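Remember, predicted model here, so these are calculated numbers, not experimental data.
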Amino acid sequence: MPAVLLALAVMAAGCHRSEPDVGPDERHAATAERADSSMLLGAGDLGSGWHEDEARTGLPPWPWEQDSCPNYQSSDYPAKSHRRAAVQRSYRPSDGSSPAHHVVETYEPGWAERNVDDVRQVLLRCASYLVLGSQVSFDVVDPHYLEGVGMLIRGRIAHAELPDTVTYVVLLRRGETVSTVRLPDSGSQAAVDAIAAKAVARLG
């Protein structure tokens with residue numbers, strides 16, 4: 001799949017990419033902590049009809065990479081180079097519709113909060129951009145989601161002759177741990193809130 005289309009797929013569907021080569025600054029701490037898969041949602045947390053893949057450890061791509069955005073420069077976001085460990089899982093619905101994805105990252109002391117700042121900058125600089133004739137956009141639904149624990153973001157891909165693709169992203173931080181859940185739009189804010197609350201509980 002071309003890189004641009006793959007970036008669209010990641011944003012829209014929450015599927016994970018193969019882990020790319022990382023620089024020494026990102027690789028040095030990859031095994032500093034053992035990733036805890038218990039912090040990941042189970043398929044049942046998403047509702048009925050979901051199936052979960054095996055949890056994957058190691059450092060996946062930063063969830064907010066936007067290489068196709070003209071205003072995005074990876075080096076502008078230093079926090080991702082200070083991740084100590086990460087664990088991720090994808091979820092497939094029985095009906096074959098869009099999947100979901102969950103990644104939990106542990107940062108070096110002081111860098112989880114910096115990571116949230118980096119995410120805010122991405123959302124400002126890449127609020128809307130054109131890729132292969134499709135308009136990708138993000139808007140922050142709630143900047144103080146769940147009483148300030150995180151943010152709720154809506155991602156949208158507007159296609160010329162197809163219905164828009166909408167994804168909700170729940171970003172949560174507790175201490176030096178950051179949890180990012182990508183969910184296809186189910187049409188129910190209550191469903192998103194319920195899953196988000198379960199993700200918070202998983203953080204301990």
Side-chain angles (χ1 to χ4, degrees), residues 1-20 40-41 43 45-53 56 60-72 74 77 80 88-105 118-143 145-146 150-172 178-199:
M1 183 183 291
V4 171
L5 292 180
L6 188 53
L8 282 175
V10 169
M11 196 288 285
C15 61
H16 58 260
R17 294 172 287 181
S18 298
E19 294 180 25
L40 292 172
L41 293 167
D45 293 324
L46 274 63
S48 60
W50 285 91
H51 306 278
E52 63 191 59
D53 293 337
R56 299 174 63 217
W62 188 48
W64 293 96
E65 294 283 2
Q66 297 292 319
D67 293 337
S68 298
C69 170
N71 295 325
Y72 180 85
S74 183
Y77 307 97
K80 63 180 182 292
Q88 62 177 325
R89 176 178 284 149
S90 292
Y91 311 82
R92 295 166 287 105
S94 299
D95 62 7
S97 57
S98 297
H101 186 243
H102 188 193
V103 57
V104 177
E105 304 162 297
D118 282 356
V119 172
R120 290 193 181 101
Q121 287 302 310
V122 171
L123 293 171
L124 285 172
R125 295 179 185 179
C126 298
S128 182
Y129 60 94
L130 193 65
V131 182
L132 293 180
S134 295
Q135 193 74 32
V136 177
S137 61
F138 296 99
D139 68 290
V140 178
V141 178
D142 187 346
Y145 191 50
L146 297 179
M151 283 191 289
L152 178 63
I153 301 110
R154 179 170 52 238
R156 184 184 306 273
I157 300 177
H159 312 276
E161 299 177 358
L162 295 170
D164 290 358
T165 301
V166 176
T167 300
Y168 282 92
V169 185
V170 177
L171 176 69
L172 307 166
V178 177
S179 174
T180 306
V181 184
R182 295 176 184 264
L183 302 166
D185 182 18
S186 67
S188 170
Q189 178 70 47
V192 173
D193 293 345
I195 293 169
K198 292 174 183 177

Taking E52 for its side chain and Y91 for its backbone only, find out whether a donor-acceptor pair lies under 3.5 Å. no
Closest heavy-atom pair, P184 versus W50, reported as atoms and distance to 0.1 Å, is CG-CH2, 4.0 Å
In the structure I gave you, are the side-chain heavy atoms of L123 and I153 within less than 4.5 Å of one another anywhere?
yes
Heavy-atom closest pair (A197 atom, L146 atom, distance to 0.1 Å) is N-CD1, 4.3 Å
Run D142 and M151 through side-chain contact (heavy atoms from CB on, under 4.5 Å) and show every step you take. CA-CA 6 Å; D142 187 346; M151 283 191 289; over 6 Å; no
Are the side chains of T167 and L183 in contact, using a 4.5 Å heavy-atom criterion? no
query: Heavy-atom distance under 4.5 Å between the side chains of Q88 and E105, does that happen here?
result: no
Exercise. Measure from NZ or CZ of R125 to the centre of the six-membered ring of W64 and say whether it is under 6.0 Å with the direction within 45° of the ring axis.
Key: no
Rounded to the nearest 0.5 angstrom, the CZ-CG distance for R156 and D139 is 7.5 Å
- Measure the shortest side-chain to side-chain distance between N71 and Y129 over non-hydrogen atoms and say whether it is less than 4.5 angstrom. no
**Message:** Let's go through V122 and W62 carefully: what are the C-alpha distance in whole Å and the side-chain angles of both, what is the deciding distance for side-chain contact (heavy atoms from CB on, under 4.5 Å) to 0.1 Å, and is it a yes or a no?
**Reply:** CA-CA 12 Å; V122 171; W62 188 48; 3.9 Å; yes
Heavy-atom side-chain proximity of K80 to S74 below 4.5 angstrom = yes
On a heavy-atom basis, the closest approach of F138 and G155 is CD2-CA, 3.9 Å
Applying side-chain contact (heavy atoms from CB on, under 4.5 Å) to L124 and not counting sequence neighbours gives Q121
With sequence neighbours left out, the residues meeting side-chain contact (heavy atoms from CB on, under 4.5 Å) with H51 are R92, S94
For S188, the side-chain contact (heavy atoms from CB on, under 4.5 Å) test, sequence neighbours excluded, returns S186, A190, A191
Query raised in the report: Does any non-hydrogen side-chain atom of S90 lie less than 4.5 Å from one of R56?
Result: no
For D193, the salt bridge (Lys or Arg N to Asp or Glu O under 4.0 Å) test, sequence neighbours excluded, returns none
I want to check something: taking the side chain as every heavy atom from C-beta on, are Y168 and D185 in contact at a cut-off of under 4.5 Å? yes
Scanning both residues in full, the closest heavy-atom pair of A199 with S179 reads CB-OG, 4.4 Å
- prompt: Okay, side chain of H102, backbone of L41: is any donor-acceptor separation there less than 3.5 Å?
  reply: yes
Those residues at least two apart in sequence (or on a different chain) that pass side-chain contact (heavy atoms from CB on, under 4.5 Å) with A158 are Q135, D164
Q.
Using modelled atom types and a 3.5 Å cut-off, is there a donor and acceptor pairing between side-chain atoms of R89 and backbone atoms of D53?
A. yes
On a heavy-atom basis, the closest approach of V131 and V136 is CG2-CG2, 4.3 Å
Result for side chain to side chain contact (heavy atoms under 4.5 Å, CB included) between V169 and one of V181, V141, T180 points to T180
By ring pair (Phe, Tyr, Trp, His ring centres under 6.0 Å), Y72 pairs with (sequence neighbours left out) Y77
Between the CG atom in D118 and the CZ atom in R120, the distance rounded to the nearest 0.5 Å is 10.5 Å
*Any side-chain heavy atom of L172 sitting closer than 4.5 Å to one from V178?*
no
One should read off an interatomic distance between L40 CG and D45 CG, to the nearest 0.5 angstrom, of 10.5 Å
